[in-house]
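FYI, the numbering just counts along the sequence from 1. Just so it is clear, the model here is predicted, and its values are computed rather than measured. Just so it is clear, the values below take in all heavy atoms, side chains as well, and ignore hydrogens, waters and symmetry mates.
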Amino acid sequence: MDSTASASLASLWDEVTGTQPDPDLWVVLAALAAALAVVAPHGLWRLSRNAITIAHEGGHGLVALLTGRTLTGIRLHSDTSGLTVSRGKPTGIGMILTAAAGYTAPPLLGLGGAALLGAGRITLLLWLATVLLVAMLVMIRNAYGALTVLLTGGTFVLVSWLAGPQVQAAFAYAVVWFLLLGGVRPAFELQAKRARGGAGDSDADQLSRLTHVPAGLWFFLFHAVSLCSLLGGGRWLLGL
């Protein structure tokens with residue numbers, strides 16, 4: 001009984017950490033088209049942006065924990081905004097990194113995902129994403145946020161367990177393309193909103209107060225990270 005369980009666990013581990021064959025180029029391009037289709041049109045973006053908010057707030061939360069802060073909760077709202085609350089020193093490098101992690105998290109997650117896919121680790125990508133979503137669910141403090149994360153995590157679980165290799169590959173590539181493309185748009189939207197007099201307490205404004213560096217330079221950082229991630233991740237995904 002024990003040997004059978006050990007063999008099953010070993011087989012599962014090999015499956016998760018092993019490599020899978022690269023999908024055909026048409027699958028990669030179809031995944032790119034699907035990601036563009038939900039990022040570019042304004043109507044679909046208002047829905048799909050919820051997934052970017054999950055990555056955004058998750059980035060705040062993860063970096064808060066890594067820098068020694070106490071994460072008290074995450075809230076996701078139906079207008080695609082979110083709030084991550086952590087306790088700790090209100091100034092210093094930990095707070096700066098936590099504030100900077102939001103707009104940089106989606107493109108950097110996309111870049112990391114592209115590296116995994118470029119190495120043929122499709123199954124590992126799907127499992128890692130599921131683990132991160134489950135960990136985030138524990139910290140969600142409102143019903144809409146819990147529902148959003150549950151639906152997203154449930155999709156990853158269904159694809160990981162029930163779908164065939166080609167479907168898993170197409171889904172994984174579409175998710176990574178979405179993070180790379182969807183990671184570019186929010187900073188531009190925030191910058192436009194600030195130009196109209198809104199979003200006076202944005203991440204860039206908080207960082208400006210923490211570091212005495214103008215908010216415009218923080219926007220430059222957000223844009224640089226997202227655009228460089230898109231270029232670098234796109235090359236990995238396309239096998240260039």
Side-chain angles (χ1 to χ4, degrees), residues 15-40 44-45 48-63 66 97 100-136 149 152-153 155-160 163-189 220-240:
E15 180 182 349
V16 171
T17 59
T19 60
Q20 292 77 42
D22 294 333
D24 296 332
L25 180 59
W26 73 266
V27 175
V28 179
L29 295 177
L32 170 58
L36 277 171
V38 297
V39 169
L44 287 177
W45 173 242
S48 63
R49 199 182 191 281
N50 284 285
I52 295 296
T53 303
I54 291 174
H56 178 116
E57 300 302 331
H60 283 312
L62 178 60
V63 174
L66 291 176
L97 291 175
Y103 281 95
T104 56
L108 289 178
L109 285 172
L111 183 63
L116 286 175
L117 294 181
R121 310 283 182 173
I122 296 171
T123 303
L124 180 60
L125 169 68
L126 296 175
W127 279 63
L128 282 175
T130 303
V131 169
L132 289 173
L133 287 165
V134 170
M136 185 174 179
V149 175
T152 305
T155 302
F156 275 90
V157 170
L158 289 175
V159 171
S160 299
Q166 283 293 326
V167 174
Q168 288 185 2
F171 178 76
Y173 273 79
V175 167
V176 172
W177 276 123
F178 172 74
L179 287 170
L180 292 171
L181 293 167
V184 172
R185 188 166 176 176
F188 284 102
E189 292 179 334
F220 176 80
L221 173 67
F222 297 159
H223 294 320
V225 169
S226 62
L227 292 172
C228 289
S229 295
L230 176 58
L231 291 174
R235 287 176 62 86
W236 273 325
L237 294 176
L238 294 170
L240 300 177

**Student:** Write down the atom of P106, the atom of G183, and the distance for their closest heavy-atom approach.
**Tutor:** CB-CA, 4.1 Å

**Student:** Are I54 and L133 side-chain neighbours, meaning at least one heavy-atom pair lies under 4.5 Å?
**Tutor:** yes

**Student:** For a side chain to side chain contact (heavy atoms under 4.5 Å, CB included) check, start with the C-alpha distance between L180 and L237, then their side-chain angles and the critical distance, and finish with the verdict.
**Tutor:** CA-CA 11 Å; L180 292 171; L237 294 176; 3.9 Å; yes

**Student:** Nearest 0.5 angstrom please: T104 OG1 to L111 CG, how far?
**Tutor:** 11.5 Å

**Student:** How close do A55 and L109 get, counting heavy atoms only, and between which atoms?
**Tutor:** CB-CD1, 3.9 Å

**Student:** Which heavy atom of V28 sits nearest a heavy atom of P23, and at what distance?
**Tutor:** CG2-CG, 4.0 Å

**Student:** What verdict does the side chain to side chain contact (heavy atoms under 4.5 Å, CB included) test give for Q20 and Q168, after you've listed the backbone C-alpha separation in whole Å, the side-chain angles of each residue and the deciding distance to 0.1 Å?
**Tutor:** CA-CA 10 Å; Q20 292 77 42; Q168 288 185 2; over 6 Å; no

**Student:** Could you state the interatomic distance from CG (L62) to CE (M136), rounded to the nearest 0.5 Å?
**Tutor:** 10.5 Å

**Student:** Closest heavy-atom contact between G59 and A105?
**Tutor:** CA-CB, 3.7 Å

**Student:** Report yes if some heavy atom in the side chain of V27 is under 4.5 Å from a heavy atom in the side chain of Y173; otherwise report no.
**Tutor:** no

**Student:** Does the side chain of V38 reach to within under 4.5 Å of the side chain of L181, using non-hydrogen atoms?
**Tutor:** no

**Student:** Closest heavy-atom contact between S160 and W127?
**Tutor:** CB-NE1, 4.2 Å

**Student:** Within the 4.5 Å heavy-atom criterion, are V176 and L125 side-chain neighbours or not?
**Tutor:** yes

**Student:** Taking atom CG of L108 and atom SG of C228, what is their separation to the nearest 0.5 Å?
**Tutor:** 10.5 Å

**Student:** Could you tell me which non-hydrogen atom of D22 sits nearest to which non-hydrogen atom of G120, and how far apart they are?
**Tutor:** OD1-CA, 4.3 Å

**Student:** Side chains of L116 and L128, heavy atoms from C-beta outward: is any pair under 4.5 Å?
**Tutor:** yes

**Student:** For the pair W45 and F178, name the ring-plane relationship: parallel under 30°, tilted 30 to 60°, perpendicular over 60°.
**Tutor:** tilted

**Student:** Quick one: does L238's side chain get under 4.5 Å of L29's, heavy atoms only?
**Tutor:** yes

**Student:** Any side-chain heavy atom of L126 within less than 4.5 Å of one from F171?
**Tutor:** yes

**Student:** In a check of side chain to side chain contact (heavy atoms under 4.5 Å, CB included) between V184 and each of V39, V225, L230, which one passes?
**Tutor:** L230

**Student:** Could you check whether any side-chain N or O of R49 sits under 3.5 Å from a backbone N or O of G182, counting only pairs where one atom can act as donor and the other as acceptor?
**Tutor:** no

**Student:** Could you check if a side-chain atom of L36 sits within less than 4.5 angstrom of a side-chain atom of W177, using non-hydrogen atoms only?
**Tutor:** no

